[in-house]
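Working notes for the structure below.
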Amino acid sequence: MDRGYKAIVFYICGTAALGGLLFGLDQGFIANSIGTISRVYGLDIKSAEHYSSILATGGVLGALLSGIFARYLGRKKSMMLSGFIFCAASLVSSFLPPLTILFVCRFFLGFAIGIASFIVPLYLSETAPAQIRGAMGTLFQLLITIGIFLISLTNVFIAKWITNPQTALPVMFAVIVLFASLMFVGSLFLPESPRWLMLKGRKNDAEEVLRKTLNSEEDINREIKNIEGTLDDTGAQFGILCKGYFIKVLFVGVFIQIFQQLVGINVMIYYAPTIFGYAGLTGIVAMMAVPTVNMLFTFPAIRLVEKWGRKKLLYIGACSMFAAMIAAGAAFSMIGNNSAPSLIAAGPKMVLLIAVIFYIFGFAVSWGPVAWLVCSEIFPLQGREMGMTVTTMVNWTFAGLLMDNALTFMKVNGNSSIFFLFAFFCVLAVVFVAAFVPETKGVTLEQIEENLKAGKKMRFLGEKRSA
Ligand code: BGC
């Protein structure tokens, strides 16, 4: 086997997945920097919350427009665009501009994440060879979690070492500038997605890209044929909204993303230090346990997603998160709302710590990577941009909704209530996966599309053609 061939594939996937890293860097930025930002800008809690949440608004808008960018600019140029915005917005922020400009920059960082979270899985699913598509797709999630981990860690240490917040904050932003520049420069040298080139009628260019990524002329011809088979109806994108099969598959993608958020991941990612604080656990463990476990357990997911398949992981993840949420809810019921941390017994504290860690394990090994991966695989080529745009927007909308309401919900209904609610959503998620989610392991995108158009039930979309 030609070794150079593989290196190119990994360059393509690695550079594209830097978009995932920036997603994580910006998503994880707030948790350990908001104190510093507040001191520099004199923010009260409300405006600090607003500064955090404007990222989600940018994310929804970025996701909305990303389908249009992907279609008209192409996948590569959209990736360059998001890299450029990441660079510019974090660079301007590092100069500590007036507050309004800082807010605008945060909005644009969200906008760039919105584009990246749409374009990266799309690009990877269209450019990586079928056998490693799953693993490459999960790279996106791995990079998100590495980004969250990295920025949590660097922000903790920057705040500790540089006591003057005016100096610390630019350094915190500089970490993002560094990786944003890598993504931008890296994306300049990426090949365009062969599927997009075919959509634009540029068959020769598509063949040239495939020559770089595939092993033999036979493989190239097969791939070209596969893609051609899905280019038949060239009607406008919006026309596909009238097709019943598209609505059905959209329903599946939308609910996968809704459940990815309703199981409560971002409440854990953002509020775990607060939650641990209720149980009297503070310091580096409280700040770093969640991002560390989240990152570490995304690694096995890369292998398992191809070995065990998507559905098995979704079941394992939902069941683990269910058990963890019940345990965490029970621990909080024992702790109650009003106990002073020093009065809390060691038992519930330990249960809580282990439960949250086990929960993060459950998410990292399953719903984290698999939700994005499945959404990049199930849509027919003609409706892929629209499908992924809608599902990405839904993901951001529900992430924002949860972030905005989780703490109030806990206050109104008691600390344990939210954990039981998440456990309930885990049960619904299992039912949903069993009834509607297809197993797409090792199946070509074209086969999935053929099954979809042939009217197969959603959960059988991954069935292979009998030889
Ligand atoms: C989710 C994010 C989440 C992250 C945590 C992603 O798959 O979409 O909302 O913060 O995983 O690793």
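Whatever order the structure lists ligands and atoms in, that order sets their numbers, starting from 1. Each residue takes its place number in the sequence, starting with 1.
Taking a heavy-atom cut-off of under 4.0 Å, ligand 1 is surrounded by Gln27, Gln141, Thr145, Ile148, Gln260, Gln261, Asn266, Ile269, Asn294, Phe363, Gly368, Trp372, Asn395.
Classification of Arg195 and Glu446 as a salt-bridged pair holds, one side-chain N sitting under 4.0 Å from a carboxylate O. Between Glu439 and Lys312 no salt bridge is recorded (no basic side-chain N to carboxylate O distance below 4.0 Å).
By the side chain to side chain contact (heavy atoms under 4.5 Å, CB included) test, Cys105 pairs with Ala89, Val92, Ser93, Ile101, sequence neighbours left out.
Side chain to side chain, Glu377 and Thr440 meet the donor-acceptor criterion of an N or O pair below 3.5 Å. Asn395 and Gln261 are linked by a side-chain donor-acceptor pair at a separation below 3.5 angstrom, with hydrogens and angles left out of the test.
Atoms CD1 and CG, from Ile151 and Asp26 in turn, are 7.5 Å apart once rounded to the nearest 0.5 Å.
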